[in-house]
Amino acid sequence: MVRLIRTSTGNIREDQCLTFEQIVQMKEDGSLQQHMIPMDIAISHIPLISLTDQEAVHSLQGKKIPLAANRVAHADASQTIFRAYSPDERFLGLFEWKSTSHVLVPAKVFL
């Protein structure tokens with residue numbers, strides 16, 4: 001093999017990618033932000049869970065969130081990581097489902 005080109009990873013295609021030179025130029029001219037892919041879109045293969053207002057507040061405080069098992073029943077039984085969203089559809093972070101204690105534990109929270 002002489003050359004290998006990744007044409008996509010997850011749902012990010014090659015035509016959405018930038019070279020280092022393009023990034024430097026776009027940063028200098030102030031246009032880089034419009035080319036950024038939101039984190040939750042980049043990880044859209046991870047199942048999501050919607051939280052209540054109070055649960056969203058607790059999640060941003062790094063607290064464990066007790067949930068009824070049926071709130072995560074739609075996911076594959078082996079799935080433990082979820083993207084969490086507030087009622088206004090704001091991405092809150094990644095949370096780990098602990099099926100034995102029925103709680104979501106913050107893994108990465110984004111303020």
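Side chain of Glu55 to backbone of Thr52: a donor-acceptor contact under 3.5 angstrom is found. Side chain of Thr9 to main chain of Ile12: no donor-acceptor pair is present (N/O by atom type, distance under 3.5 Å, no hydrogens or angles). Of the possible donor and acceptor atoms, none in the side chain of Asn11 sits under 3.5 Å from a partner among the backbone N and O of Ser44. Distance alone, capped at 3.5 Å, is enough to place a donor-acceptor pair between the Arg83 side chain and the Ile46 backbone.
Ring-centre distance between Phe91 and Tyr85: below the 6.0 Å cut-off.
Counting all heavy atoms, side chain and backbone alike, Ser50 lies closest to Arg71 at O-NH2, 3.0 Å. In this structure, Asp53 and Pro87 approach most closely via the heavy-atom pair OD1-CG, 3.2 Å. Of all heavy-atom pairs between Gln22 and Cys17, the closest is OE1-O, 4.2 Å. Nearest approach of Pro66 to Val103, heavy atoms of both residues: CA-CG1, 3.8 Å.
The hydrophobic cluster containing Val105 does not contain Phe82, counting ILVMFWY residues as joined when their side-chain heavy atoms lie under 4.5 angstrom apart, directly or transitively. A single hydrophobic cluster is seen to contain both Ile65 and Val109, as judged by linkage of ILVMFWY side chains at heavy-atom distances under 4.5 Å, directly or through other members.
Pairs engaging residues 92-108 under the salt bridge (charged side-chain N to carboxylate O under 4.0 Å, His left out) rule: Glu96-Lys98 [sequence neighbours left out].
Here His102 pairs with Trp97 under the ring-ring contact (aromatic ring centres under 6.0 Å, His included) rule; sequence neighbours left out.
A distance of 5.0 Å separates CD1 of Ile23 from CG of Leu18, quoted to the nearest 0.5 Å. Atom-to-atom distance recorded for Asp40:CG and Leu94:CG is 9.5 Å, nearest 0.5 angstrom. Distance check, rounded to the nearest 0.5 Å: OG of Ser101 to CG of Leu67 gives 10.5 Å. Note: Leu104 CG to Lys63 NZ = 15.0 Å, rounded to the nearest 0.5 Å. Note that the NE2 atom of His58 and the CG atom of Leu60 stand 10.5 Å from one another [nearest 0.5 Å]. Atom CZ of Phe95 is separated from atom CG of Leu48 by 13.0 Å, given to the nearest 0.5 angstrom.
Atom CD of Gln61 has more than 12 neighbouring heavy atoms from other residues, nucleotides or ligands inside a 6.0 Å radius.
Taking a 4.5 Å side-chain heavy-atom cut-off between Ile, Leu, Val, Met, Phe, Trp and Tyr, the cluster of Leu4 extends to Met1.
Two residues are said to be in side-chain contact when any heavy atoms from C-beta on lie closer than 4.5 Å; Glu14 and Arg6 fail this criterion. A 4.5 Å side-chain heavy-atom check between Met36 and Gln33 finds at least one atom pair inside the cut-off. Residues Leu51 and Ser86 form no side-chain contact, since every pair of their non-hydrogen atoms from C-beta on lies 4.5 Å or further apart.
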